[in-house]
Amino acid sequence: MKDILADLTSAQREAVTYGAGPLLIVAGPGSGKTRVVTRRIAYLLSQGVKPWQITAVTFTNKAAGEMLSRVEAIVGKTNMWISTFHSLCAKILRMYGNAIGYPSSYTIYDEEDSKKIVSQCAEELGSKAGKKNMSQLRSLISTSKNKDIEIEALAFHDRTFKADFLREVYTLYQQRLREAFAMDFDDLLLNTRELFVRHPKVLEEFHGRFNWLLVDEYQDTNSCQYQISRILASKTRNFSATGDPDQSIYAWRGAEMKNVFKFLKDYESAKTVYLEDNFRSTKSILQVADCVIRYNENRIDKKLVTSNPEGEKPVLLVCYGADEEAEWIAERIAAHVEAGGIYRDFAVLYRTSAQSRSIENALKRAVIPYTIIGGLAFFQRREIKDIVAYLRLIDNPMDIVSFLRATSVPPRGLGEKTIHRLHAFARSAGVSMIEAMAHAEEVPGVGRTIAKKIEKFRSELLAYAGVKKFPVAPLVSNIVETSGYKKWMRENDEDWIDREDNLAELHAFALEYDMSHPEDGSLTDFLANVALLSSLDMSDDSADRALLMTLHAAKGLEFPCVVICGLEEGQLPHARSINSLGEIEEERRLFYVGVTRAKKTLALTCALGRTSYSDFGIRKKSRFIKEAEYTFDTIDMIARDPDSLFSDGGGVEDYLDALLKVSKKKREEFKRHDVFTDEVSQIGADEIPVRPRKIGDKGKTYKVGQLVTHKNFGSGKIAGIDTQGLYRVLKVEFDDGFATSILEQFADLLVRDENR
DNA sequence: TCACAACTTCATAAC
DNA sequence: GAAGTTGTGA
């Protein structure tokens, strides 16, 4: 008991020792939240609560694993359930899914799998949308599920698809998933809710079992997760939720931070504990966070307090482009290590994954070891998905996505048409795919040659499954060897060496699973783990390497030194969020989360020119910089010595040179892409560090119909003038047929007399 | 049905 | 800059 309550503040202690009944812990960043939750679990156990009576839900499997080992460090080995919502639901559905028509070996479809079904459905419904919009269609289905709204309602927001069509696709999609005994990620939640609502007996059993529910990161629960929590807690009301509305960053996938406030209405007798003391960051770091988050209107005011020292003042780098930004970051890390620090002290955070490229390059050049957290998940790799498809097929032969995948690598002369015929046959005859394959010649549309191939594949499958479904590792090596996959890969894939390494890693992963689950392991459980492991769970952050990750991936973590890069309008806040106040506020929270990860030092960077989508654009400083401007020191590489940039008194050319620091060729591209641009929204003319006198002719105004000459493009005509925000955009048609839009203030055009 | 090439389109965050 | 789609011939 002494250990459990050691080193706790009075507020923390209050949360840890609160007894039965609803408890809301509103915990700011760095306030020792994880510690409180683990200690609370330990405390409950010490009070006689049994481990199997406790269910804790966290945000990632990794966090769940860490929490479990922290609890076990205090109370010894336990068998309580600590997992993510998705894993919890997957487990519940494995136990009771048959009540709603799913076998326990149902398959979990990831985004890619689900997209295949969606496009199959759209095609079946005669959609003319083609394959290109399938991602969007799939995400509308997901949004509908995540936000608990009818899919028809989304047609008003998204004009790409008609309401009727959306409904038809949705219905057919669900039907196809059922036929394949498969669920997508969202279904795990929806089906669990349905199970509880429609089968009170099952719920009763869980009520008898989960007397204590703890949910972490409550501000990021969506409607369905919220309801599942409420349903589970409805009997005993021993429900503690932990959250911080300011750290809600998943509204885009249905999270509702208001769930935190709602808790107090849902449970009127609820006790609320505020954890406000920050034990993580220096005063000057918290000041940055505080100044920015205050701009959010949709929030409850709270201030971050710490007794930590003032610390180093955060810095902001303003530079020309992503390369300089990256170089500066590399230098900063190198200097830190030179001064006796370690690489792992550093985390470089960015808004979008694509930003990692330039940073990686700079780190490589500077020989700084690094790890990317997140990114392309191991289990998303092609060769891994291929072999996993065999495993899934053995586990659930109705899984048509895996069926198609497995039969095509290596190719066996069985194509999409054949497999669908087979699947349809199996469904109408009410038999499994394996059985349907045994009667291949009866399947309409299947000829004798193909029937033979089917038979061959059938015996191959039976040979795998005939051995044993568990342990998994031997099954993996068996498939890789005897399916001919390895041989085929060596002959057809130039990257086969890397891929074989990855397959070896898959084998090792399976082996590890087999070893750690001698009693309770199964192929089904292994596959569920594989499906629900996020890229964050897989990454190894134990080595001494600098860490690179997105701001989202940094949630819940802390680092001695943090760099947040790309603080530009369009990047952070992201361009896709810039038009909505609510989304801007979420971007601001994202920035807030990033800043509050830092313990000792914080650096922000901002590049005023950045290439994205192979298109160069001039960017404005992020509004978040302005919101906290006096809380950091600025290193302005542009303003530092403006005259040196334009030594020969030149204008645009010199500026472009300095900005791009690249060859003439690139400059030509730049001219085409930027000064003459359609993407006016990216240009913040007031931010561009150029001499006023030379760029364009600011005083000049043009009229529609005027004949003009441009020094590079020759003669043309002003075809139209648009107003975009503060700027006027000229549409110019040149005599050679080339047409473009030019920002008026950059349009260095000579007006010709019409009569000449 | 399959392999390859050429082309097009796409790109926020992720369980 | 990558991944998917389409088109081609075998």
Side-chain angles (χ1 to χ4, degrees), chain A residues 57-64 83-90 108-112 114-116 119 123 130-136 139 142-143 145-146 183-189 217 220-222 224-225 248-255 349-358 373-377 379-380 382 404 407-419 447 449-450 453 488 491-493 528-538 549-555 566 570-578 583 586-587 589-591 593-594 611-615:
Chain A
V57 178
T58 62
F59 205 67
T60 62
N61 288 294
K62 197 175 190 180
S83 64
T84 62
F85 263 111
H86 287 87
S87 301
L88 174 72
C89 291
I108 301 169
Y109 275 179
D110 68 15
E111 231 170 276
E112 195 188 332
S114 139
K115 204 166 96 188
K116 284 191 179 139
S119 74
E123 203 176 322
K131 303 226 164 176
K132 58 185 174 185
N133 286 327
M134 289 308 122
S135 291
Q136 197 184 351
S139 93
S142 182
T143 303
K145 292 178 179 180
N146 275 317
M183 302 185 198
D184 63 23
F185 286 134
D186 309 317
D187 285 343
L188 293 173
L189 306 173
E217 309 281 9
D220 278 325
T221 49
N222 68 21
C224 194
Q225 290 166 329
S248 171
I249 54 175
Y250 282 99
W252 53 273
R253 60 175 210 216
L349 312 180
Y350 36 80
R351 178 63 174 81
T352 62
S353 300
Q355 287 170 263
S356 71
R357 184 177 301 270
S358 58
I373 307 283
L376 182 64
F379 286 100
Q380 296 296 114
R382 197 202 330 163
L404 279 165
T407 49
S408 62
V409 285
R412 292 181 175 78
L414 299 174
E416 209 164 334
K417 276 251 160 66
T418 308
I419 308 294
T449 344
I450 294 190
K453 289 177 180 168
W488 174 78
E491 286 162 4
N492 293 286
D493 197 326
N529 283 337
V530 165
L532 294 173
L533 265 184
S534 70
S535 48
L536 305 180
D537 300 321
M538 281 297 283
M549 70 191 88
T550 63
L551 285 158
H552 282 89
K555 174 175 162 176
Q571 208 69 32
L572 181 64
H574 194 270
R576 305 263 289 239
S577 303
I578 232 150
E583 287 176 63
E586 178 149 308
E587 297 286 310
R589 290 192 293 272
L590 195 52
F591 178 66
V593 165
T611 304
S612 57
Y613 316 141
S614 62
D615 210 11

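Remember, predicted model here, so these are calculated numbers, not experimental data.
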Enquirer: Distance check needed: dG4(C) P versus Glu111(A) CD, whole Å only.
Expert: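 My rounded result for the distance is 12 Å.
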
Enquirer: Are any of the side-chain heavy atoms of Thr84(A) and Phe59(A) separated by less than 4.5 Å?
Expert: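 Thr84(A) does not reach Phe59(A) side chain to side chain.
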
Enquirer: Any N/O pairs under 3.5 Å between the protein and nucleotides 1-3 of chain B? List them or say none.
Expert:
residue, atom, partner, partner atom, Å
dT1(B), OP1, Gly415(A), N, 3.4
dT1(B), OP1, Thr418(A), OG1, 2.8
dC2(B), OP1, Arg412(A), N, 3.4
dC2(B), OP1, Gly413(A), N, 2.8

Enquirer: Mind calculating the distance between CD (Gln136(A)) and P (dG4(C)) to the nearest angstrom?
Expert: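 It is 17 Å, rounded to the nearest whole Å.
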
Enquirer: Less than 4.5 Å apart, side chain to side chain, heavy atoms only: is that true for Tyr250(A) and His552(A)?
Expert: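 They are in contact (side-chain heavy atoms under 4.5 Å apart), so the answer is yes.
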
Enquirer: Name all stems that contain residues of DNA chain B, defined as runs of 3 or more consecutive Watson-Crick or G-U wobble pairs, both distances under 3.5 Å.
Expert: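 The stems are B:1-10 with C:1-10.
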
Enquirer: Among dG1(C), dA13(B), dA14(B), which nucleotide sits nearest the side chain of Ser353(A)?
Expert: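 Side chain of Ser353(A) sits closest to dA13(B).
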
Enquirer: As an exercise, state the distance from CG of Asn146(A) to CZ of Phe185(A), rounded to the nearest 0.5 Å.
Expert: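 It is 11.5 Å, given to the nearest 0.5 Å.
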
Enquirer: Measuring only between side-chain heavy atoms, which start at C-beta, is Ile419(A) closer than 4.5 Å to Thr407(A)?
Expert: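 A side-chain contact under 4.5 Å exists here.
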
Enquirer: Mind checking the OG-CG spacing from Ser114(A) to Asp184(A)? Nearest 0.5 Å is all I need.
Expert: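 So the gap between those two atoms works out to 5.5 Å.
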
Enquirer: Polar-atom pairs under 3.5 Å, protein N or O versus N or O of nucleotides 8-10 of chain C: list them with distances, or write none.
Expert:
none

Enquirer: Heavy atoms, side chains only, cut-off 4.5 Å: are Thr58(A) and Glu217(A) in contact?
Expert: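 Contact flag for Thr58(A)/Glu217(A) side chains = no.
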
Enquirer: Expressed as a whole number of angstroms, how long is the span from Arg382(A):CZ to dA3(C):P?
Expert: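 Answer to the nearest Å: 9 Å.
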
Enquirer: Atom CG of Asp186(A) to atom C1' of dC15(B): distance rounded to whole Å?
Expert: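 Rounded to the whole Å, the gap is 8 Å.
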
Enquirer: When rounded to the nearest 0.5 angstrom, what distance separates CG in Leu188(A) from SG in Cys224(A)?
Expert: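 Going from the CG atom of Leu188(A) to the SG atom of Cys224(A) covers 10.0 Å.
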
Enquirer: Gln571(A) versus Gln355(A): any side-chain heavy-atom pair under 4.5 Å?
Expert: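 SC-SC contact between Gln571(A) and Gln355(A) confirmed.
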
Enquirer: Any side-chain heavy atom of Pro411(A) within less than 4.5 Å of one from Trp488(A)?
Expert: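 Yes, at least one pair of side-chain atoms sits under 4.5 Å.
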
Enquirer: May I ask you to verify if any side-chain N or O of Thr60(A) is less than 4.0 angstrom from the OP1 or OP2 atom of dC15(B)?
Expert: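 For Thr60(A), the contact criterion (side-chain N or O under 4.0 Å from OP1 or OP2 of dC15(B)) is not met.
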
Enquirer: Quick one, Lys115(A) and Ser135(A) - any side-chain contact, counting heavy atoms below 4.5 Å?
Expert: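 In short, these two side chains touch, coming nearer than 4.5 Å.
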
Enquirer: Between atom CG of Asn529(A) and atom CG of Asn61(A), what is the distance when rounded to the nearest 0.5 Å?
Expert: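 Interatomic distance, Asn529(A) CG to Asn61(A) CG, rounded to 0.5 Å: 7.5 Å.
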
Enquirer: What's the CZ-C1' distance between Phe85(A) and dA14(B), to the nearest Å?
Expert: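 Nearest whole value for this atom pair: 17 Å.
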
Enquirer: Can you figure out which of dA13(B), dA2(C), dC15(B) approaches the side chain of Arg357(A) most closely?
Expert: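 Nearest to the side chain of Arg357(A) among the choices is dA2(C).
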
Enquirer: What is the separation between atom CZ on Arg576(A) and atom P on dA13(B), rounded to the nearest whole Å?
Expert: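 One finds 10 Å between P of dA13(B) and CZ of Arg576(A), rounded.
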
Enquirer: Measuring only the C1' atom in each nucleotide, how far is dG4(C) from dA13(B)? A whole number of Å is fine.
Expert: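 So the two C1' atoms sit 22 Å from each other.
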
Enquirer: Is there ring stacking between Trp252(A) and dA13(B), where the centres must be under 5.5 angstrom apart and the planes under 30 degrees?
Expert: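 Stack criterion met.
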
Enquirer: Would you say that Phe591(A) contacts Leu551(A) through its side chain, given a criterion of any heavy-atom pair below 4.5 Å between the two side chains?
Expert: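 In short, these two side chains do not touch, never coming nearer than 4.5 Å.
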
Enquirer: What's the CG-P distance between Asn61(A) and dA14(B), to the nearest Å?
Expert: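 In whole Å, dA14(B) P lies 15 Å from Asn61(A) CG.
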
Enquirer: Rounded to whole angstrom units, what separation is found between the NZ atom of Lys62(A) and the C1' atom of dC15(B)?
Expert: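 Whole-Å distance recorded here is 16 Å.
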
